[in-house]
Visitor: 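Dumping the structure here so I can ask a few things about it.
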2 protein chains.
Amino acid sequence: MATTVADILKANNLSITDSRKSILELFKLSKGALAHADIEKKSSAQFDRVTIYRTLQTFVDKGIIHTIPTADNSVLYALCKDDCSAGHHHDNHVHFICDSCDTTYCLDHVTIPSVNLPEGFTQKQTDVVVSGVCKNCE
Amino acid sequence: MATTVADILKANNLSITDSRKSILELFKLSKGALAHADIEKKSSAQFDRVTIYRTLQTFVDKGIIHTIPTADNSVLYALCKDDCSAGHHHDNHVHFICDSCDTTYCLDHVTIPSVNLPEGFTQKQTDVVVSGVCKNCE
DNA sequence: AGTAATGTGCAACAAAGTTGCAAATTATTT
DNA sequence: AAATAATTTGCAACTTTGTTGCACATTACT
Ligand SMILES: [Mn+2]
Ligand SMILES: [Mn+2]
Ligand SMILES: [Zn+2]
Ligand SMILES: [Zn+2]
């Protein structure tokens, strides 16, 4: 019994609506991370820009998706596969951006390496974004 | 004989103008990275928004400053201290963002750890952004 | 089915970034 | 040191991206 998108919404105390179902479905079907613009294009039904913004924000708040920092400072989102919850993300994995096909992957099994900070600096969170060529493009 | 901002501009074949001198000076005096908005505020003389955009882009192109990816996807810039040149950045250092004072540091002496990518993925560049509390705020 | 709670779309707005072009500044040549 | 050529600046106009308030629609609850 695979978890449906409705299950996920229910588990997070979110009303089950068309837009949330469609957008969450998109994430489940997508190989890589999605930007706001991708969702506007890919979703068969047409949702208002504002609805998409709010849906994404809600999903981030609930720990359903996480944002990914990129070198060109575009905003990307991907499903949380770790056990994230409202207010507590712990997506401690490396992200990979393919220079060729532009897909952004969550490398869920590549853990964040530890970093030796100078005296006086305390680490709380570490983001690692690697770019290069992905396995489909090599 | 310290290198003046004019020297840096000259070395990069850039005309020595008021805005470029002021903005470059700002970077030299600043402890941390600067956003476009910081420059608009901090520069004593008032420059047009467009001039600031273009100056920053020129400096990035010439390898004088580099951009820093951030979790909240704001665009930050900092001086390149490594031997970067036009078209060839190699700022292989860790960046640190203080959650308390919001300063972003280039940790020039903390080298990027290596990451074990899955089969088929080729690494070209790695960005590491650590957040936490800096030495001034602890 | 009826009511309360929540979410959506629209409109209007704000912020961020881009482009073309004339005027001003800087560099180069005489 | 002028004159000229090359580059840069500021303005205006525009695009793109993101935000907010509110009436209406949908979903959840009794
Ligand atoms: Mn991820
Ligand atoms: Mn740096
Ligand atoms: Zn690829
Ligand atoms: Zn600090």
Side-chain angles (χ1 to χ4, degrees), chain A residues 4-27 33-62 64-77 86 102, chain B residues 4-26 33-62 64-77 86 102 104:
Chain A
T4 66
V5 289
D7 291 336
I8 297 174
L9 294 173
K10 211 173 295 177
N12 284 282
N13 289 312
L14 291 174
S15 305
I16 297 170
T17 67
D18 289 344
S19 41
R20 286 176 181 166
K21 277 189 288 183
S22 300
I23 293 173
L24 193 44
E25 197 75 59
L26 267 185
F27 277 107
L34 297 173
H36 181 276
D38 297 326
I39 294 167
E40 251 182 308
K41 284 174 214 142
K42 290 193 184 180
S43 61
S44 42
Q46 224 59 351
F47 302 112
D48 194 84
R49 261 163 19 91
V50 178
T51 301
I52 297 175
Y53 279 117
R54 291 198 269 226
T55 301
L56 290 171
Q57 190 51 56
T58 302
F59 286 177
V60 170
D61 290 344
K62 289 291 186 177
I64 299 172
I65 62 177
H66 61 277
T67 57
I68 302 172
T70 62
D72 71 331
N73 289 92
S74 60
V75 189
L76 292 178
Y77 302 88
D102 218 53
Chain B
T4 67
V5 290
D7 291 336
I8 297 175
L9 294 174
K10 211 172 294 177
N12 284 281
N13 288 313
L14 292 173
S15 306
I16 297 169
T17 67
D18 289 344
S19 41
R20 285 176 181 165
K21 276 189 288 184
S22 300
I23 293 173
L24 192 45
E25 197 74 60
L26 268 185
L34 298 172
H36 181 276
D38 297 326
I39 293 167
E40 251 181 308
K41 284 174 215 142
K42 291 193 184 181
S43 61
S44 42
Q46 224 59 352
F47 302 110
D48 193 85
R49 262 165 16 91
V50 179
T51 301
I52 297 175
Y53 280 117
R54 291 197 270 226
T55 302
L56 290 171
Q57 190 52 56
T58 302
F59 286 177
V60 169
D61 291 344
K62 289 291 187 176
I64 298 172
I65 62 178
H66 61 276
T67 57
I68 301 172
T70 63
D72 72 329
N73 290 94
S74 59
V75 188
L76 292 178
Y77 302 86
D102 218 55
T104 297

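Order of the sequence lines fixes the chain letters, A, B, ..., with proteins taken first and strands second; residue numbering starts at 1 for each chain.
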Visitor: What is the distance from CG of A:L14 to P of C:dG7, rounded to the nearest Å?
Guide: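 Those two atoms, CG and P, are 7 Å apart.
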Visitor: Looking at every strand, decide which applies to B:R49 at a 4.0 Å heavy-atom threshold: base, sugar-phosphate, or nothing.
Guide: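 The residue B:R49 makes base contact.
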Visitor: To the nearest angstrom, how far is A:N12 atom CG from C:dG7 atom P?
Guide: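 After rounding, the reported distance stands at 12 Å.
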Visitor: Classify A:T58 by what it touches in the nucleic acid, base, sugar-phosphate, or nothing, heavy-atom distance under 4.0 Å.
Guide: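 A:T58: no heavy atom of the nucleic acid under 4.0 Å.
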Visitor: With no hydrogens and no angle check, is any side-chain donor or acceptor of A:D38 less than 3.5 Å from a backbone partner on A:L34?
Guide: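 Answer holds: no.
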Visitor: Within the structure, does a side-chain N or O atom of A:T51 lie under 4.0 Å from either OP1 or OP2 of C:dG9?
Guide: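 So the side chain of A:T51 is within the cut-off, an N or O lying under 4.0 Å from OP1 or OP2 of C:dG9.
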Visitor: Looking at A:R54, I'd like to know whether one of its side-chain N or O atoms comes within less than 4.0 Å of OP1 or OP2 on C:dG7.
Guide: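 No.
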Visitor: Considering just the side-chain nitrogens and oxygens of B:T55, establish if one lies under 4.0 Å of OP1 or OP2 belonging to D:dT8.
Guide: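 Indeed not, no polar side-chain atom of B:T55 lies that close.
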Visitor: If I take atom OH in residue B:Y53 and atom P in nucleotide D:dT9, what distance separates them, rounded to the nearest angstrom?
Guide: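 These atoms are roughly 16 Å apart.
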Visitor: If we ignore angles and hydrogens, is there a donor and acceptor under 3.5 Å between the side chains of A:T4 and A:D7?
Guide: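 Checked: A:T4/A:D7 side chains pair up, N/O donor to acceptor below 3.5 Å.
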Visitor: Between A:S22 (side chain only) and A:D18 (backbone N and O only), is there a donor and an acceptor less than 3.5 Å apart?
Guide: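 Looks like yes, one N/O pair under 3.5 Å.
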Visitor: Quickly work out the A:Y77 OH to D:dT17 P distance and round it to whole Å.
Guide: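 To the nearest whole Å, that distance equals 13 Å.
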